[in-house]
Amino acid sequence: MGPIRGYKKRKRTDKRSQENGSSPPASGSASGSGSIDKDEPLDWFDEFSKRVNGLQSPSKSSNKFECIFRMSRRTFNYICSLVKEDMVAKSREFSFINGKVLCLHDLVAVALRRLGSGDSLVMVAEFFGVNHSTVSQVTWRFVESMEEKGLHHLKWPSSESELMDIKSKFEKIQGLPNCCGVIDTTHIMMLLSSSDPTNNMWLDHEKNHSMVLQAIIDPEMRFRDIVTGWPGKLEDLVVFQSSNFYKLCERGERLNGKKLQLSEELEIREYIIGDSGFPLLPYLIVPYEGKELSEPKAEFNKRHSATQMIAHKALAKLKDTWRIIQGVMWRPDKHRLPRIILVCCLLHNIIIDMEDEPAGDDIPSSHEHDSGYRQQMCEPVDMKGECLRDELCLYLSGRLPP
């Protein structure tokens with residue numbers, strides 16, 4: 001995973017994760033950890049529903065949980081199990097306005113509601129019947145816990161079989177062979193004071209204050225590597241070259257796996273694809289430029305664009321589900337925001353890892369995740385990248401010699 005500016009490693013984080021550009025390996029499969037916590041009151045959501053909505057019975061609120069928290073009860077319980085130790089350590093300092101102490105599931109519910117709804121601290125506080133300072137403190141404690149305890153849900157594939165599965169699924173989408181991921185960027189907009197001259201560094205080319213998020217995404221819309229925390233005015237090229245992923249690729253330590261033999265004389269290395277804002281490299285393939293393209297090149301661009309859509313959908317889904325990063329954030333702490341973005345990406349992945357199918361979990365009708373931002377153009381072209389793209393183009397057109 002790339003650098004998260006403002007993120008301070010906690011004492012139990014595996015230092016090796018910084019060396020190889022990925023997060024610590026998972027200790028077990030997420031999909032098998034969805035049982036209800038033994039400490040959870042069996043009637044917790046029934047009581048919760050009555051308290052905030054006046055619902056009379058669990059049967060009448062069977063779909064209400066998914067509507068409120070954007071995930072299944074099973075996934076909610078798994079997240080509770082991840083953060084339990086950290087969240088309950090000083091839980092007695094948090095209480096409802098009526099004096100009742102918040103239990104673990106109350107604490108997690110408050111944090112998820114804040115991150116998922118994008119509502120103000122005051123609105124979330126009114127929804128739960130707590131003070132707005134409680135919402136702020138609980139949410140931040142949750143973020144701190146998740147960025148450590150949930151980090152294994154965001155990592156580059158650690159085994160050949162896992163990577164082979166990713167390649168196979170990408171090839172089934174539009175036929176691109178040996179493709180390992182799709183890279184894209186989006187902007188997290190902020191409303192900052194114009195009277196503070198230091199805020200000008202966050203003013204991007206579209207005259208918005210923003211922070212950039214770069215993500216490499218697999219065919220199931222899972223985030224495999226992210227970079228965030230940089231000002232939105234930086235070009236995609238600059239952000240990419242700042243990443244651990246780029247440095248690992250340049251050293252031959254990433255995207256250096258098994259090559260695919262397409263003919264007796266041609267083999268295709270591992271690569272990712274990106275839009276025209278990224279450079280054409282031996283391991284990063286971007287579309288052909290120009291209006292009068294040959295039929296094979298036009299067909300290549302069509303397949304490339306259709307595969308690139310995976311990233312558009314993932315980023316649109318991220319912002320639609322975790323709405324705290326969807327709109328314009330009101331004067332956020334610029335040191336904490338990258339960590340919030342990271343946790344939203346972790347939660348996005350956890351829902352996928354748990355094979356969740358919450359009610360209303362449709363992909364947003366619009367795949368536009370960066371409304372108002374123009375397509376960037378990057379000029380640098382590597383000859384080896386150009387050669388690989390041409391070979392892929394010929395292969396997809398069926399014109400590759402045996």
Side-chain angles (χ1 to χ4, degrees), residues 156-157 160-185 214-221 224-225 236-237 240-241 245-246 248-314 367 375-402:
W156 190 253
E160 180 62 27
S161 61
E162 188 180 7
L163 197 53
M164 286 295 293
D165 182 58
I166 287 174
K167 295 176 185 178
S168 175
K169 289 176 180 176
F170 268 124
E171 188 164 8
K172 288 179 181 178
I173 295 172
Q174 285 292 325
L176 291 176
N178 228 28
C179 178
C180 298
V182 181
I183 189 170
D184 204 353
T185 60
Q214 173 190 283
I216 300 176
I217 297 154
D218 74 15
E220 295 180 317
M221 300 199 302
R224 290 293 185 168
D225 187 282
D236 290 349
L237 171 64
F240 178 64
Q241 290 181 335
F245 188 90
Y246 169 79
L248 289 168
C249 288
E250 288 294 298
R251 296 199 301 261
E253 298 174 21
R254 180 65 49 87
L255 297 178
N256 62 341
K258 186 176 181 180
K259 296 181 179 179
L260 182 64
Q261 197 78 32
L262 295 182
S263 71
E264 290 185 2
E265 299 181 354
L266 178 63
E267 56 184 13
I268 297 294
R269 64 164 294 163
E270 293 179 343
Y271 60 92
I272 59 175
I273 68 169
D275 62 28
S276 300
F278 293 93
L280 177 60
L281 299 171
Y283 50 83
L284 202 174
I285 304 302
V286 301
Y288 289 100
E289 295 299 323
K291 296 180 179 179
E292 300 297 329
L293 294 176
S294 65
E295 184 178 341
K297 289 183 178 181
E299 176 63 20
F300 175 85
N301 277 6
K302 181 180 178 181
R303 290 172 181 262
H304 184 288
S305 177
T307 307
Q308 181 80 26
M309 188 60 65
I310 293 292
H312 298 335
K313 291 179 179 179
H367 301 149
Q375 173 64 59
Q376 294 185 23
M377 302 299 293
C378 183
E379 294 184 1
V381 173
D382 184 286
M383 294 299 294
K384 290 183 179 180
E386 194 168 30
C387 180
L388 175 58
R389 181 173 65 182
D390 288 343
E391 290 169 344
L392 286 169
C393 179
L394 288 173
Y395 168 75
L396 293 174
S397 68
R399 301 183 184 186
L400 192 68

Check whether NZ of the Lys or CZ of the Arg Arg389 lies under 6.0 Å from the centre of the six-membered ring of Tyr288 and within 45 degrees of that ring's axis.
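That pair qualifies as a cation-pi contact.
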Test item: side-chain donor near acceptor, Glu289 and Ser276, under 3.5 Å
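Result is yes, a qualifying pair exists.
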Taking the side chain as every heavy atom from C-beta outward, state whether [X] and [Y] have any atom pair closer than 4.5 Å.
X	Y	answer
Ile173	Lys169	no
Phe170	Ile273	no
Leu394	Pro296	no
Glu250	Tyr283	yes
Arg224	Ile166	yes

Between [X] and [Y], which heavy-atom pair has the shortest distance, and what is it?
X	Y	answer
Leu284	Gly274	CD2-N, 3.8 Å
Leu237	Pro279	CD1-CG, 3.6 Å
Cys180	Ile272	C-CG2, 4.2 Å
Ile310	Pro219	CD1-O, 3.9 Å
Gly277	Asp236	O-CB, 3.4 Å
Asp184	His312	OD2-ND1, 2.9 Å

Just how far is it from atom [atom1] of [X] to atom [atom2] of [Y], taken to the nearest 0.5 Å?
X	Y	atom1	atom2	answer
Leu281	Met383	CG	CE	13.5 Å
Ile216	Phe240	CD1	CZ	6.5 Å
Ile285	Leu176	CD1	CG	9.5 Å
Glu162	Met164	CD	CE	13.0 Å
Ile268	Leu388	CD1	CG	5.0 Å
Tyr395	Asn178	OH	CG	10.0 Å

Is it the case that the side chain of Gln308 and the backbone of Ile183 share a donor-acceptor pair, with hydrogens and angles ignored and the cut-off at 3.5 Å?
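Answer holds: yes.
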Any donor and acceptor pair, going by atom type alone, linking the side chain of Thr307 with main-chain N or O of Arg303 inside 3.5 Å?
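A pair under 3.5 Å: yes.
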Start with the C-alpha gap between Leu255 and Trp156, add the side-chain angles, then the distance that decides, and say whether side chain to side chain contact (heavy atoms under 4.5 Å, CB included) holds.
CA-CA 10 Å; Leu255 297 178; Trp156 190 253; 3.8 Å; yes
For Glu270, which of Lys259, Arg254, Lys167 qualifies under side chain to side chain donor-acceptor pair (under 3.5 Å)?
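Output: one option passes, namely Lys167.
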